[in-house]
Amino acid sequence: MSIVLVVIVLAVIVIGYFISTQRSLVNLDELCKNALSQIEVQLNSRWDAVLALAKMAAQYSKHESETLIQVIQQRRGENVNTPAAVNEQQGALQQVMGRLIAIGEAYPDLKANDLFKETQSGIKEYEENVRMSRMIYNDTATKMNRMVRQWPSSIVASMLHFDLKDYLKVDEEQKKSYPNLDEAFKK
């Protein structure tokens, strides 16, 4: 009788651990998806602000601004549901901002415009929001990856097909090739 009781207790413990671990993995997976969704929202807000900036610049440099506006409108609606897509959007935004800064440099009246300055300031706020959202995603991915890799939760994770999450990284070449936006806005 005592052996049966020990087996039942062990079975209850194993089943309880399995259920608890599955719930934790699902929770972390959903938090990762939510963090990516938050980044997508922030990136779309930045695209909207950049579009407003490009429309202001259109008064000064019609051809260049029309091209930028087309790029912005194409990029604005794209889904950003993977770290690679986030990095791609980030790179595209930095390229467009670099071109807008160049237009601002070429037209001092535009650069001195109060609305242009306010919009640039708004873009910097969205940039900070994206940075914070990226940090939240990477923190959540770290927690998820620990559960997926550490024993004994790794057994449950592999049985339920939970995989490691990719981290959001900044490409070193990308950092070198784009202007420092803070310095460009101070001029």
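Bear in mind the structure is a predicted one, so any value in this text is a computation, not a measurement.
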Using side chain to side chain donor-acceptor pair (under 3.5 Å) as the criterion, list what pairs up with E128, not counting sequence neighbours.
-> R131
Would you kindly confirm whether F18 and V148 end up in one hydrophobic cluster when ILVMFWY residues are joined by side chain heavy atoms under 4.5 Å apart?
-> yes
Report yes if some heavy atom in the side chain of L36 is under 4.5 Å from a heavy atom in the side chain of V86; otherwise report no.
-> yes
d(S45 OG, E127 CD) to nearest 0.5 Å is 13.0 Å
One should read off an interatomic distance between T142 OG1 and L164 CG, to the nearest 0.5 angstrom, of 11.0 Å
Can you check whether I39 reaches L168 side chain to side chain, under 4.5 Å on heavy atoms?
-> yes
Taking all atoms of both residues into account, what is the closest heavy-atom pair of Y167 and Y137, and its distance?
-> CA-CE2, 4.4 Å
Check whether any side-chain N or O of S158 sits under 3.5 Å from a backbone N or O of I155 as a donor-acceptor pair, and report yes or no.
-> yes
Salt bridge (Lys or Arg N to Asp or Glu O under 4.0 Å) contacts in which one or both residues fall within residues 139-158, not counting sequence neighbours | none
Sequence neighbours excluded, every pair satisfying salt bridge (Lys or Arg N to Asp or Glu O under 4.0 Å) that has a member inside residues 1-30 = D29-K33, D29-K165, E30-K33
Hey, are the side chains of L10 and V7 touching, using non-hydrogen atoms and a 4.5 Å cut-off?
-> no
Could you state whether V14 and L160 fall into the same hydrophobic cluster, counting links through intermediate Ile, Leu, Val, Met, Phe, Trp or Tyr residues with side-chain heavy atoms under 4.5 angstrom apart?
-> no
Heavy-atom check, side chain of W47 versus side chain of Q89, under 4.5 Å | yes
Heavy atoms only: give me the nearest L28-T140 pair and the separation to one decimal.
-> O-CG2, 3.8 Å
Look only at the side chain of S20 and the backbone of G16, and say whether a donor-acceptor pair between them is shorter than 3.5 Å.
-> no
In Å, rounded to the nearest 0.5 Å, how long is the span from OG of S24 to CE of M144?
-> 10.0 Å
Side-chain contact, heavy-atom cut-off 4.5 Å: V156 with F162?
-> no
Does V130 reach the side chain of L43, with side-chain heavy atoms less than 4.5 Å apart?
-> yes
Got a donor-acceptor contact below 3.5 angstrom from the T21 side chain to the S153 backbone?
-> no
